[in-house]
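Input: a single structure, listed below in structure tokens.
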Amino acid sequence: MKNYDHIKIEKKWQKYWDANKTYNTEAISKKKKYYVLDMFPYPSGAGLHVGHPRGYIGSDVYARMKRMQGYNVLHPMGYDAFGLPAEQYAIEHKIHPRKAVDINVKTFERQLSVIGLSYDWSRKVNTTDPAYYKWTQWIFLKIYNSWYDRKSDKARPITELIKLFGKSGNKNIDAVCDLNYTQTFSYKEWNTFTEVEKQGILMKYRLAYEGYALVNWCPKLGTVLANDEIVEDKDGKAISERGGYPVEKLSMRQWFMRITAYADRLLTDSEGLNWSTHIKEIQKNWIGKSEGSEIEFKTSINRNIKVFTTRVDTLFGVTYVVISPEYENISEFLVRSKNMADVSVYIREAKERSKKDNLDQKEKTGIELKGITATNPANGEEVPVWVADYVLAGYGTGAVMAVPAHDERDYEFAKKYNLPIKEVIIEQVNSRHDDGILHDSGKFDGLDSKEARTKITKEVDGKFITKYKMRDAIFARQRYWGEPIPLKRDKKTGIITTLKDKELPLKLPNVTSYEPTGTGESPLAGVNAWVKAGYETNTMPGWAGSSWYFLRYMDPKNEKEFASKKALKYWDNVDMYVGGQEHATGHLLYSRFWHKFLYDMGFVPTKEPFKTLKNQGLIIASDGRKMSKRWGNVINPDDTVKTYGADTLRVYEMFMGPFDQAVSWNTDSIIGSRRFLDKIWRLSLRLNKKSSSKDIENILHKTIKKITLDIESMNFNTAISSMMILVNEMEKDKIVSEKDFKMFLQILAPFAPHITEEIWEQLIRIDNYESKNKKQFTSIHLSIWPKWNEKKVIDDMVKIVVQVNGKVRTEIMISNDANEEDVKDLSMKDKDIIPWIKDKEIKRVIYVKGRIVNIVI
RNA sequence: GCCCGAGUGGCGGAACUGGUAUACGCGCACGACUUAAAAUCGUGUCUCGUAAGGGAUGUGGGUUCGAUUCCCACCUCGGGCACCA
């Protein structure tokens, strides 16, 4: 073949790899394993743009090197096809979601296949496949039938909790349960409870539980919307992104996952993960741990108010106490206030407001509960009690002590309503969180904030507690296209029973209309047989199937277990996970949660699912915006592949900038990557039989070293740039041996798998033609990754830069083993240096081995 | 507002642990080959200066023989959280 015909070559080898199962993962073996995983996509209808494959190409390069390094590599791909995108596509095109998914998967697979990714397609999973979601349902039931034991700090089967109830009631059980659940009972009572009562109590402890939650309800669309489906109109009101209709808050029955039970472990264990600090930081903020004190204020109506504060050192600065309009016992305060009528109007209005405006930061409002005072436990001072909407009911105790002098929000409120401001801390200039020294605080005067917190909490009989911002996760969608929740409810008694293992999967029934019902109920509520049988009409959310798929790849066809113990032990966990950072507080947190649960129950051997995580950056369109149909700036990879070839696309996408950074697509620049491959093609036609010149050997081994290290750390852009340098040198130097060129092809192979395979084959064919010992063809991708020779990496002569007072004046060549004195001597005698140092006193001469001499005068 | 991350030629970007700033690629200019063009190859390409030399890594300061790299303050952009007490 004379010219580099990418179309012919790429087709030929894709066919070959497919037929020969070149990339199929070996069975569990003695070989060391390596698990390289991409986040599996939603096969939406829009198809791919050039931004999508960037992550896949990066992980593919990585997987290919690991394979050549002799690892048994697991590098699979699959589809996360339940959820909104698939459902919306189906509704828009008026076809069944099942069909829509199949069509979209096909498009997706065709687009992926031309890029030359080395997936083992025999391990493909699809979350909508009943053989798959059978196990999603199975895991759900395990979670449903578990509770969280704080003492052993892990999940345990609910049957064990029932046993404990039978022994002592729930008084001495330290379990994670619903926030406001305080009722206690003894074992005698447990036995006397009815089934319904027992179910109600257990529901407070289950890790998957039923409850009510405020959701974003759009009456016009007749559906519940996720937060990111809501935008703000010009008056700051919440409207739906699709259609622009008003959105309000509505309380609806939901299933929840008690992820808050794992808050501390999710936080602590993330420290040991090899993830970007950025993602870890996002998760940390999301979990939002804060340590503080819970203290009680007595009030004039004989009802105590508990408050949570991280700044108990400011207790002497409290000038009023605030409770939320949705405070649990607010009615008791209301009826005893002297301005009851006004207060009740305020509370009603505040509740209305909180339902409507969920986006804009509203101005703080409030009203005093006249005639009611609270007593500061530190100094016995009587302070007024207010109701105000800036206090959240759902966090802490729903009440706060207000310290206007040291809290911005309290300050703003106090200013507005003319409440007193009392300063008790002198802030230290260099400290964060405006810690400082106490004054006007009685016997605590002069203490610093930190010390004071411990002492004051003890003094007022407070408790040290830890709070988290993170909420339990809603685990239900009022939609059709999701995994059915495998529970049955008796119509008359309301008793919920779980489906037995052998009854799984509970298959999604066919419906005539899968569009939202408009009543807020799932379309499943319209299926008579379904409702009659007592099945749950909500389905699971999109994140259910994606929270464990990485385990299924280990043993994708197992019908008896979600994966065999043996497979789980061998594949252990994901070594390299590649995907977008937009999943930081979603998928990446939920997967860790489920994985920890499975670990507690002894189903998986590791505490964390993803050892190393890399996030590929976005590809921005040349107009500076995200690529989107909406802007009409989408570049289709198919076109690029056709014009320049898949190898060019791969090289360009890896070369255009750092892998984890957003870069903009520039169609003009692709040509550089194509030229690089063209040069290689031409070089391959004029190789030397014997050996390369010494320079070439030296730079080749340097390059092998650099590429190996660069791929390992995913610095693909610099890897390619150093291969370009090597190729430029080869072109100049002309004498390149076949043997050396083959080594170069091997390190290029992960980036450009087709062209390297083609040249590799041609070289073997020529060899065979000329020699008697015919070689059998083995793919370059199964060849052994070249090792660099450290001796050949070292230069005999090194360049030393000579500076005078830090300014470069000349450079000299020295042998690499020259000693310090000789180098210094040589530098000072250099003809370019003498004029600078003549007649000057030399104060110091600094030498950095192999790099620089700096003469200070 | 709070918490992260980033700022380097016309453009994408490189620079090991503090040691030649601008590698590699695109673009541009000139030259070679060609009847011509494309392709290819070669040379040049931060800035002021004829040169010697000087100045530049968002801005201002500091540490150092030496700072894109470390420290302080500020500006701009991107991301996350958003009344979490």
Side-chain angles (χ1 to χ4, degrees), chain A residues 3 276-286 288-290 292-293 307-312 314 322 324 359 361-364 388-392 394-403 406-410 412-413 430 432-433 467-471 581-582 584-585 617-618 620 622 651-652 655-658 660-673 675-676 678-679 682 706 709 715 717-728 731-732 799-811 835 843-857:
Chain A
N3 293 313
S276 72
T277 45
H278 185 223
I279 297 272
K280 287 203 241 180
E281 197 64 32
I282 292 173
Q283 291 202 343
K284 196 177 160 188
N285 288 342
W286 182 260
K289 181 178 182 169
S290 54
S293 317
V307 302
F308 173 70
T309 177
T310 54
R311 291 298 307 278
V312 75
T314 63
V322 198
S324 159
L359 287 174
Q361 172 127 3
K362 38 194 171 166
E363 202 192 325
K364 296 173 180 45
D389 58 0
Y390 78 95
V391 174
L392 301 175
Y395 184 79
T397 58
V400 303
M401 57 181 225
V403 189
H406 302 290
D407 183 283
E408 262 177 69
R409 294 151 303 186
D410 296 340
E412 196 190 311
F413 192 77
N430 282 327
R432 291 147 69 101
H433 308 302
K467 295 270 178 200
Y468 300 92
K469 282 189 213 172
M470 185 169 65
R471 305 277 79 142
Q581 62 148 66
E582 67 272 20
T585 56
L618 281 179
I620 308 289
S622 42
V651 167
Y652 176 60
F655 179 61
M656 59 198 298
D660 54 4
Q661 202 175 292
V663 279
S664 48
W665 182 265
N666 185 344
T667 304
D668 293 337
S669 298
I670 301 170
I671 192 69
S673 301
R675 280 180 194 151
F676 168 60
D678 278 332
K679 278 186 200 172
R682 284 198 300 271
K706 182 156 172 56
L709 300 176
N715 292 319
N717 54 331
T718 53
I720 289 171
S721 110
S722 54
M723 283 192 283
M724 285 172 168
I725 294 170
L726 171 63
V727 167
N728 290 346
E731 257 199 330
K732 273 186 216 158
K799 192 166 69 183
I800 298 286
V801 169
V802 185
Q803 298 182 329
V804 177
N805 277 351
K807 286 199 192 300
V808 181
R809 295 305 174 192
T810 191
E811 46 195 47
K843 290 186 187 133
R844 268 171 89 181
V845 180
I846 290 146
Y847 174 58
V848 180
K849 195 170 186 307
R851 289 194 190 278
I852 209 162
V853 171
N854 189 12
I855 302 164
V856 185
I857 52 173

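Reminder, nothing fancy here: chain letters follow the sequence lines and each chain counts from 1.
Taking A:Trp286 as the reference, A:Met470, A:Thr585, A:Leu589 meet the side chain to side chain contact (heavy atoms under 4.5 Å, CB included) condition, with sequence neighbours excluded. Every residue two or more places apart in sequence or in another chain that forms a side chain to side chain donor-acceptor pair (under 3.5 Å) with A:Lys679 is listed here: A:Asn728. For A:Lys284, the side chain to side chain donor-acceptor pair (under 3.5 Å) criterion is met by no residue, not counting sequence neighbours. Checked against salt bridge (charged side-chain N to carboxylate O under 4.0 Å, His left out), A:Glu811 has the following partners two or more places apart in sequence or in another chain: A:Lys799. Judged as a ring-ring contact (aromatic ring centres under 6.0 Å, His included), and not counting sequence neighbours, A:Tyr468 has no contacts. With sequence neighbours left out, the side chain to side chain contact (heavy atoms under 4.5 Å, CB included) criterion links A:Asn285 to A:Glu281.
Cation-pi geometry between A:Lys469 and A:Tyr395 is not satisfied (NZ or CZ under 6.0 Å from the ring centre, within 45° of the ring normal). Stacking of A:Lys364 on the aromatic ring of A:Tyr390 is recorded, both the 6.0 Å distance cut-off and the 45° axial limit being met.
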Which protein N or O atoms sit under 3.5 Å from an N or O of nucleotides 5-12 of chain B?
residue, atom, partner, partner atom, Å
B:rG12, O2', A:Met656, O, 2.5

Check nucleotides 47-54 of chain B against the protein and report each pair of N or O atoms closer than 3.5 Å, with its distance, or say if there are none.
residue, atom, partner, partner atom, Å
B:rG54, OP1, A:Arg809, NH2, 3.2
B:rG54, OP2, A:Arg809, NH1, 3.1

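For B:rC65, one of the phosphate oxygens OP1 or OP2 lies less than 4.0 angstrom from a side-chain nitrogen or oxygen of A:Arg844.
Across all non-hydrogen atoms, the minimal contact from A:Ser664 to A:Tyr652 is O-OH, 4.4 Å.
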Pair up each side-chain donor or acceptor in residues 718-726 of chain A with any protein partner under 3.5 Å, not counting sequence neighbours, and list the distances.
residue, atom, partner, partner atom, Å
A:Thr718, OG1, A:Asp710, OD2, 2.9
A:Thr718, OG1, A:Asn715, O, 3.0
A:Ser722, OG, A:Thr718, O, 3.2
A:Ser722, OG, A:Ala719, O, 2.9

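Judged by Watson-Crick or G-U wobble contacts below 3.5 Å, the nucleotide B:rC33 has no partner. The base-pairing partner of B:rG49, taking Watson-Crick or G-U wobble contacts with both distances under 3.5 Å, does not exist among the strands shown.
Pairs of residues two or more places apart, or lying in two chains, never qualify as side chain to side chain donor-acceptor pair (under 3.5 Å) while including a residue from residues 843-857 of chain A.
Within 4.0 Å of A:Asp410, counting heavy atoms only, lies no atom of the nucleic acid at all.
Residues from residues 850-857 of chain A that place a heavy atom under 4.0 Å from any atom of RNA chain B, listed by number: A:Arg851, A:Ile852, A:Asn854, A:Val856.
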Heavy-atom protein contacts under 4.0 Å, nucleotides 41-46 of chain B, coded B base, S sugar-phosphate only, - none
S-----

